[in-house]
Protein chains: 2
Amino acid sequence: MRVIKKETDYALRALFFIKNNGGHADVSKIYSNMDIPRPFLRRILQQLAHAKILLSKKGKHGGFKFLRPFEKITLARLNEIFDKRLPPGECPFKNKVCINYKTCVLKGKLSKLEEEIYKMFENILIKDLWM
Amino acid sequence: MRVIKKETDYALRALFFIKNNGGHADVSKIYSNMDIPRPFLRRILQQLAHAKILLSKKGKHGGFKFLRPFEKITLARLNEIFDKRLPPGECPFKNKVCINYKTCVLKGKLSKLEEEIYKMFENILIKDLWM
DNA sequence: GTGATATGATATCAAAAAAGTATCATTATT
DNA sequence: AATAATGATACTTTTTTGATATCATATCAC
């Protein structure tokens with residue numbers, strides 16, 4: 001199982017770089033220090049800005065910096081940006097698999113399991129992944 | 001995030017059906033009670049037999065039954081049949097992303113997280129998902 | 001033993017998701 | 001106004017997942 005997507009992982013590393021670069025960097029700077037496809041990296045940073053993790057500034061001497069203190073950012077927060085989940089409790093088969101789908105209890109159980117995993121992510125600060 | 005694959009989910013339901021069918025059923029019987037593509041279902045059952053969850057018997061009056069008591073089967077056991085994981089501790093990027101990959105601590109942390117999720121699966125009996 | 005019936009093994013195809021690319025628009029600095 | 005950065009977004013490629021098709025093999029009834 002692949003716990004997190006490449007985008008999330010890249011984001012984690014890009015943020016780490018920004019932190020170590022005095023809390024600010026532009027795409028070129030990050031790109032020259034990481035072996036990530038540049039346009040892909042760019043789009044990831046844009047998404048982080050859109051999600052209000054980073055604050056972007058255009059033009060000369062522009063780039064990205066943290067909008068809020070990075071210490072409070074969780075893995076859950078980051079993950080949800082790049083990995084869209086099913087609404088909780090929803091049957092992934094649209095109730096088509098079982099004959100007696102009305103009494104199906106499986107979707108509820110699996111949904112709860114998913115919630116638990118998500119809860120784990122809530123308790124993980126990205127700064128702790130960096131250390 | 002999609003916790004388990006369709007194959008695993010289908011397997012879970014097929015096993016549930018077999019249990020409720022007196023511990024034995026063939027593909028036709030299961031198929032006629034579930035809205036799953038028949039050849040796909042068949043391959044899933046084959047994989048379960050290969051993994052020694054089920055025992056298969058060919059020919060007339062053949063089919064599938066549990067090889068061992070179903071009460072002890074965990075979600076982890078089922079999941080690993082259909083979802084191959086990375087070897088623990090392995091960097092998903094083959095150490096290509098970071099300049100200082102030797103000091104990279106991220107892969108270890110994420111790998112540990114993956115282990116934790118897997119541990120959760122170990123503690124889930126499929127019979128409890130049925131109830 | 002032979003025919004019908006079931007699974008075994010396995011190659012192939014299709015759909016969906018993830019990963020990566022390209023491009024034009026917009027804004028800030030000089 | 002020119003340059004240099006990000007914004008928005010549409011597109012393409014690759015990988016994974018989901019599904020199909022087919023021939024081989026074993027079992028049972030007769």
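Quick note on labels: first sequence line is chain A, next is B, and so on, each numbered from 1.
In this entry the distance linking NZ of A:Lys84 with C1' of C:dA16 reads 18 Å, nearest Å. Distance, A:Asp83 CG to C:dA16 P: 18 Å, rounded to whole Å. Atom CG in B:Leu45 sits roughly 12 Å away from atom C1' in C:dA6 (whole-Å rounding). Summarising the geometry, the separation between NZ on B:Lys6 and C1' on C:dA16 is reported as 10 Å, rounded to the nearest angstrom. Taking atom CG of A:Asp35 as the reference point, atom C1' of C:dA19 lies 15 Å away to the nearest angstrom. Between A:Gln46 atom CD and C:dA25 atom P the separation is 16 Å, expressed in whole Å.
In this structure, B:Arg42 reaches the bases: a heavy-atom distance under 4.0 Å links it to at least one base atom across the strands shown. Here B:Pro39 lies in heavy-atom contact (under 4.0 Å) with a base. Among the heavy atoms of the strands lying under 4.0 Å from A:Arg43 is at least one base atom, whether or not backbone atoms are also near.
Between B:Ser28 and A:Lys58, the residue whose closest nucleotide on DNA chain C is further toward the 5' end is B:Ser28. Comparing A:Phe40 and A:Gly59, the nucleotide of DNA chain C nearest to each residue sits closer to the 5' end for A:Phe40. Annotation: of the two residues near DNA chain D, B:Phe82 and B:Leu41, the 5′-most nearest-nucleotide partner is B:Phe82.
Side chain of A:Lys109 to main chain of B:Asp128: a donor-acceptor pair is present (N/O by atom type, distance under 3.5 Å, no hydrogens or angles).
Distances shown here put every side-chain N or O of A:Lys60 at or beyond 4.0 Å from the OP1 or OP2 atom of C:dA28. Contact annotation: A:Tyr10 does not reach the phosphate of C:dA19 (side-chain N/O to OP1 or OP2, under 4.0 Å). Contact between the side-chain N/O atoms of A:Lys57 and the OP1/OP2 oxygens of C:dT29 is found at a separation under 4.0 Å.
In the hydrophobic clustering of ILVMFWY residues, with side-chain heavy atoms under 4.5 Å counting as a link, B:Tyr118 and B:Ile124 come out apart.
Within the 4.5 Å cutoff, no side-chain heavy atoms of A:Leu78 are placed close to those of A:Ile4. When side chains are defined from C-beta on, A:Val3 does not count as touching A:Asn79, because their heavy atoms never get closer than 4.5 Å. Inter-residue side-chain proximity for B:Asp26 and B:Tyr31 is flagged as unmet; no heavy-atom pair is nearer than 4.5 Å. Between B:Leu15 and B:Phe66 the shortest side-chain heavy-atom distance falls below 4.5 Å.
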Criterion ring pair (Phe, Tyr, Trp, His ring centres under 6.0 Å) on B:Phe17 and B:Trp130, from CA distance to verdict:
CA-CA 10 Å; B:Phe17 180 84; B:Trp130 291 337; over 10 Å; no
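Applying the salt bridge (Lys or Arg N to Asp or Glu O under 4.0 Å) criterion to B:Arg43, with sequence neighbours excluded, gives B:Glu7.
For A:Lys65, the NZ atom is loosely surrounded, since the number of other residues' heavy atoms within 6.0 Å does not exceed 12.
Of the residues in residues 14-25 of chain B, not one places a heavy atom less than 4.0 Å from an atom of DNA chain C.
Nucleotides of DNA chain D that come within less than 4.0 Å of any heavy atom of chain B span, from the 5' end to the 3' end, D:dT17 to D:dA29.
Checked for salt-bridge contact, B:Asp9 and B:Lys5 miss the test: no charged N lies under 4.0 Å from a carboxylate O.
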